[in-house]
Amino acid sequence: MAWRIHLTNQAIQYLHILPGKPTLLAAWTQRDRASYFDLETGAEVGEHQHKAVSRQSEKWSDFLASLVAPNQAFLPFVRTAQSMMYTTDDGKLRLYWMPGNELLLEVDGKEVKLEPKTKASLLSLALDRLMGMVAVLDSKGKLHLFQQHITVGAFDTKLAFDDESQPLLVVANAGASIFVSNGHEIVRLDSGGKVQKRLALHYFVSRLACSSNGKLLATSDNETGVIRVYEGEDLMPSHQRHAIDLLQDAPQLQLLADLPPFSAAPGSLVIDDKGRLAFNISGVVCVTALKQMDILPRPQPLL
């Protein structure tokens, strides 16, 4: 199923795997423009420009209605001039991250303001697309959890953040696992904010992605361009390979296409429950799978 396509001469904004019939890959070439591909075959199934309007505009409801992929999946994330907007799988709940660190949760048309109890700046945000759990990471390393509009609490990840840190936060469905990183360490927490596992790294994480069931966690780093996959429960490394090697092995969908620079590193990274991965290097999008990667030996107890 591996494939690659040179989509643009500019960097891809972000990628999304959208479950449905068929499962699609959405590649955002601009803040308001997405191209859609069949995840298995790479066949292009459409391109859509989502021109945002003011939330106070009469056309706002029409804009929201347009945020649906060709397979009828609701788009998980859209960046507008006013906010960053996150949406659940059923489209009934939306979360807005507004300027000034204002968080608004909209459920069935009713808005509720979420107020993390912190004076620290907010670094990253993630939404559980199944049940609507909201996770917010602040600059003091505190993780603030909300079950929709209900405050769960604030929990210390014991991660330090500075100007060189990379705040990364992803949430599995139903909050089964919450993964947080500062680039040097990965922490897995449960939906109650309890730390389940902590993993110190020998490299600097630049991208972090988890499968919707939380059983797979993928990382990449800018220095080497290696993509690594871990078992979500215990953060045991299972697979790895250089992104550029995965890209070169993937059949290209065009007769003529340029390869990205060999020194370039993955920009966006996503993984699904079946171990299918998608990433981009510059303007080249690649879809691959765990079977294309090198299997890492598991540590065995001494006899």
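Heavy atoms only: backbone and side chains are in, while hydrogens, waters and symmetry mates are out.
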Within one Ile-Leu-Val-Met-Phe-Trp-Tyr cluster: Leu143 and Leu114, side-chain cutoff 4.5 Å: no

Heavy-atom closest contact (Ser220 atom, Leu269 atom, distance): N-CD2, 4.0 Å

Donor-acceptor contact present, side-chain Thr88 to main-chain Leu93, <3.5 Å: yes

Least distance between heavy atoms, Ala172 atom then Ser211 atom: CB-O, 4.1 Å

Leu7 and Thr29, any side-chain heavy atoms less than 4.5 Å apart: yes

Any side-chain donor near an acceptor of the partner, Ser177 and Arg188, under 3.5 Å: yes

Worked verdict on Leu104 versus Val112 for side chain to side chain contact (heavy atoms under 4.5 Å, CB included): CA-CA 6 Å; Leu104 289 178; Val112 178; over 6 Å; no

Gln82 and Thr80 side chains, donor-acceptor separation under 3.5 Å: no

Pair His48 and Trp28, ring centroids less than 6.0 Å apart: no

Point-to-point distance, once rounded to the nearest 0.5 Å, from NZ of Lys274 to CG of Asn213: 12.0 Å

Derivation of the side-chain hydrogen bond (donor to acceptor under 3.5 Å, both in side chains) call for Asp294 and Gln240: CA-CA 5 Å; Asp294 298 326; Gln240 72 175 32; over 6 Å; no

Check: Gly275 main-chain N/O paired with Asp272 side-chain donor or acceptor under 3.5 Å: yes

Neighbour count >12 (heavy atoms, 6.0 Å) for atom CG, Leu296: yes

Joint hydrophobic cluster, Val134 plus Trp97, side-chain heavy atoms closer than 4.5 Å: yes

Member of Thr219, Leu208, Val180 meeting the side chain to side chain contact (heavy atoms under 4.5 Å, CB included) criterion with Leu168: Leu208

Non-hydrogen atoms of Ser35 and Glu47 that approach each other most closely: OG-OE2, 3.2 Å

Gln10, CD atom: more than 12 neighbouring heavy atoms under 6.0 Å: no

Residue pair Phe37 / Val45, side-chain heavy-atom distance below 4.5 Å: no

Shortest non-hydrogen separation from Pro266 to Asn222 and the atoms involved: O-OD1, 4.2 Å

Test of ring centre spacing under 6.0 Å for Phe204 and His184: yes

ILVMFWY network linking Leu169 to Val270, side-chain heavy atoms under 4.5 angstrom: no

Candidate pair Phe161 and Leu123, rule side chain to side chain contact (heavy atoms under 4.5 Å, CB included), full reasoning: CA-CA 9 Å; Phe161 291 91; Leu123 299 180; 3.8 Å; yes

Distance in Å, Leu127 CG paired with Thr87 OG1, rounded so as to fall on 0.5 Å steps: 8.0 Å

Test item: Asp38 side-chain N/O and Ala43 main-chain N/O as donor-acceptor pair under 3.5 Å: no

Polar side chain donor-acceptor pair, Ser212 to Asp273, under 3.5 angstrom: yes

Heavy-atom closest pair, residues Arg94 and Gly91: NH1-O, 3.4 Å

Salt-bridge criterion met for Glu233 and Lys215 (N-O under 4.0 Å): no

Side chain proximity check, Leu105 to Val107, heavy atoms < 4.5 angstrom: yes

Beyond-backbone contact of Pro22 with Leu24, side-chain heavy atoms, under 4.5 angstrom: yes

Minimum side-chain heavy-atom gap Leu277-Val287 below 4.5 Å: no

Joint hydrophobic cluster, Leu122 plus Val171, side-chain heavy atoms closer than 4.5 Å: no

Expected output: side-chain Asp128 to main-chain Ala174 donor-acceptor under 3.5 Å: yes

Sidechain-backbone polar pair: Ser83 side chain, Met85 backbone, donor-acceptor under 3.5 Å: no

Donor-acceptor pair, side chain of Asp190 and main chain of Gln196, under 3.5 angstrom: no

Joint hydrophobic cluster, Leu67 plus Tyr36, side-chain heavy atoms closer than 4.5 Å: yes

Whether over 12 other heavy atoms sit under 6.0 Å from Gln49 CD: yes

From CZ (Phe146) to CD (Gln148), nearest 0.5 Å: 13.0 Å

Test: Asp156 and Lys142 ion pair at under 4.0 Å: no

Distance-only side-chain donor-acceptor flag, Gln166 / Ser206, under 3.5 Å: no

Candidate pair Ser238 and Glu231, rule side-chain hydrogen bond (donor to acceptor under 3.5 Å, both in side chains), full reasoning: CA-CA 7 Å; Ser238 63; Glu231 296 178 2; 5.3 Å; no

From Leu253, Thr288, Thr41, residue fulfilling side chain to side chain contact (heavy atoms under 4.5 Å, CB included) relative to Trp3: Leu253

Under 3.5 Å: donor-acceptor pair, side chain of Ser181, backbone of Glu185: yes

Contact check, side chains of His239 and Arg228, non-hydrogen atoms, under 4.5 Å: no

Residues His144 and Asp138: side-chain donor-acceptor under 3.5 angstrom: yes

Cation-pi geometry met for Arg55 and Tyr96 (6.0 Å, 45°): yes

Side-chain donor/acceptor of Ser57 to backbone N/O of Lys59, under 3.5 Å: yes

Validation row: Leu217, Ile186 side chains within 4.5 angstrom (heavy atoms): yes

Pairwise distance CZ(Arg33) to CZ(Arg31) - rounded to 0.5 angstrom: 13.0 Å

From CG (Leu95) to CE (Met133), nearest 0.5 Å: 13.0 Å

Under 3.5 Å: donor-acceptor pair, side chain of Arg198, backbone of Thr157: yes

Check: Phe63 and Lys51 side chains under 4.5 Å, non-hydrogen atoms: no

For Leu75 against Val68, the heavy-atom pair lying closest together: CG-N, 4.2 Å

Stepwise side chain to side chain contact (heavy atoms under 4.5 Å, CB included) check, Leu290 with Leu216: CA-CA 10 Å; Leu290 289 181; Leu216 297 172; 4.3 Å; yes

N-O pairing of Arg4 and Asp249 below 4.0 Å: no

NZ/NE/NH1/NH2 to OD/OE distance under 4.0 Å, Asp32 and Arg79: no

Gln13 side-chain N/O to Gln30 backbone N/O, donor-acceptor pair under 3.5 Å: no

Separation between NZ of Lys194 and CG of Leu189, rounded to the nearest 0.5 Å: 11.0 Å

